[in-house]
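Here the structure is laid out as structure tokens; the discussion comes afterwards.
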Amino acid sequence: MPFTLATWNINSVRLRADLVARLLLEEAPDVLCLQECKSPVDKIPLETFVALGYTHMVARGQKGYNGVAILSKLPLEDAGAEDFAALGHARHVAARLENGVTIHNFYVPAGGDKPDRDINVKFGQKLDYLTEMRDWFRNEAPQKSILVGDLNIAPREDDVWNHKQLLRIVSHTPIEVDHLGAVQEAGAWVDITRKDIPQGQLYSWWSYRSPEWDAADKGRRLDHVWATADIANAGHSSRVLRPARGWEKPSDHAPVFATFDL
DNA sequence: ATGGTGGAGGATCCA
């Protein structure tokens, strides 16, 4: 049966609870993974989502920053959370569906402005976070798993609006792309979005600082859906809900969808 | 090299 999942960096789940509700109403994914909730778990407006049939949630939160949540129409079991690089941040949570599929929801550190760990602690933390993700998946050998989230890296040339111009911009530097590739390899993860949409420019994020985001289209594909081979080998399809970037008071990210034949 | 916008929380920190 088809199973539809979406991932969305919401940039404050409390400020944009109405946008989340709109997405759930109009698109009705089975599961919605949110990042940057910027809220303690007990202040997430769960009633709004429960009223729309999303009666299950697994989340980790903190005041003001970070925060990840998995909303679901289907029962979920909390499958834990990791604190890679010991940052003390709510950047990961996992949940298990009754069919045994595990969902990992990640918000990888953005990494600051300068792509040099000697002068920018945040860049070093981002690389360390990815290295610990890699080591963890090397030990776990994930199966029947889906990994989604704002990974804050656009790995391919056609994942950014201008490859050459962004080579020294955090999110597209070769060292970040290498680190992300090592995570992918360690878990034998398949990039579902790019399996389904292999050709052409594809973005999920457009900066607030760029007016005319739609016309200028200076985007990056920072939001990802990966799956292990047992899931990826069955049928699947993907899309980016770009219009959501143009909704009133939008997040700077658009939701990424994947539908699997589970 | 710089600044551009937006969220949290009430000064800056973060993206």
Expressed as a whole number of Å, how far does the [atom1] atom of [N] sit from that of [M]?
{"N": "B:dA1", "M": "B:dT5", "atom1": "P", "answer": "22 Å"}
{"N": "B:dA15", "M": "B:dG3", "atom1": "C1'", "answer": "15 Å"}
{"N": "B:dA11", "M": "B:dG7", "atom1": "C1'", "answer": "14 Å"}
{"N": "B:dC13", "M": "B:dG9", "atom1": "P", "answer": "16 Å"}
{"N": "B:dG6", "M": "B:dT2", "atom1": "P", "answer": "23 Å"}
{"N": "B:dG4", "M": "B:dC14", "atom1": "C1'", "answer": "16 Å"}

Take atom [atom1] of [X] and atom [atom2] of [N], then tell me their distance rounded to the nearest Å.
{"X": "A:H253", "N": "B:dG7", "atom1": "NE2", "atom2": "C1'", "value": "13 Å"}
{"X": "A:K114", "N": "B:dT2", "atom1": "NZ", "atom2": "C1'", "value": "10 Å"}
{"X": "A:D252", "N": "B:dG7", "atom1": "CG", "atom2": "C1'", "value": "10 Å"}
{"X": "A:E248", "N": "B:dG6", "atom1": "CD", "atom2": "P", "value": "12 Å"}
{"X": "A:Y129", "N": "B:dA15", "atom1": "OH", "atom2": "P", "value": "13 Å"}
{"X": "A:I44", "N": "B:dG7", "atom1": "CD1", "atom2": "C1'", "value": "16 Å"}
{"X": "A:R220", "N": "B:dA15", "atom1": "CZ", "atom2": "P", "value": "14 Å"}
{"X": "A:L87", "N": "B:dA15", "atom1": "CG", "atom2": "C1'", "value": "15 Å"}

(message) For DNA chain B, which residues of residues 9-26 of chain A approach it to below 4.0 angstrom with any heavy atom?
(response) A:N11, A:S12, A:L15, A:R16

(request) Identify, with sequence neighbours excluded, every residue that meets salt bridge (Lys or Arg N to Asp or Glu O under 4.0 Å) alongside A:E82. (result) none

(message) By nearest heavy atom, map A:S210 and A:G112 onto DNA chain B; which one lands nearer the 5' end?
(response) A:S210

(message) Return whichever of A:S207 or A:E36 has its heavy-atom-nearest nucleotide of DNA chain B closer to the 5' end.
(response) A:S207

(request) Can you spot which of A:D150, A:N9, A:N105 makes a side-chain hydrogen bond (donor to acceptor under 3.5 Å, both in side chains) with A:Q35? (result) A:N105

Identify all pairs in which a protein N or O lies below 3.5 Å from an N or O of nucleotides 10-14 of chain B, and state each distance.
from   : atom 1 : to     : atom 2 : distance (Å)
B:dC14 : OP2    : A:K122 : NZ     : 3.2

(message) Through direct or indirect side-chain contacts below 4.5 angstrom among Ile, Leu, Val, Met, Phe, Trp and Tyr, which residues connect to A:V121?
(response) none

(request) Considering only Ile, Leu, Val, Met, Phe, Trp and Tyr, and joining two whenever side-chain heavy atoms are under 4.5 Å apart, list the other residues clustered with A:M1. (result) none

(request) Only counting residues at least two apart or in another chain, list the ones meeting ring-ring contact (aromatic ring centres under 6.0 Å, His included) with A:H92. (result) A:H104, A:F106, A:W136

(message) So, using side chain to side chain contact (heavy atoms under 4.5 Å, CB included) as the criterion, who are the partners of A:A59 when residues are at least two apart?
(response) A:V41, A:I44, A:M57, A:A69

(request) Taking side chain to side chain contact (heavy atoms under 4.5 Å, CB included) as the test, write out the residues that go with A:V170, two or more places apart. (result) A:P115, A:F123, A:K126, A:E176

(message) Please enumerate all residues that pass side-chain hydrogen bond (donor to acceptor under 3.5 Å, both in side chains) together with A:R16, with sequence neighbours excluded.
(response) A:Y208

(request) Using a cut-off of 6.0 Å, state whether more than 12 heavy atoms not belonging to A:Q199 lie near its atom CD. (result) no

(request) Using the six-membered ring wherever Trp is involved, compare the ring planes of A:W226 and A:W189 and label them parallel, tilted or perpendicular (cut-offs 30° and 60°). (result) tilted

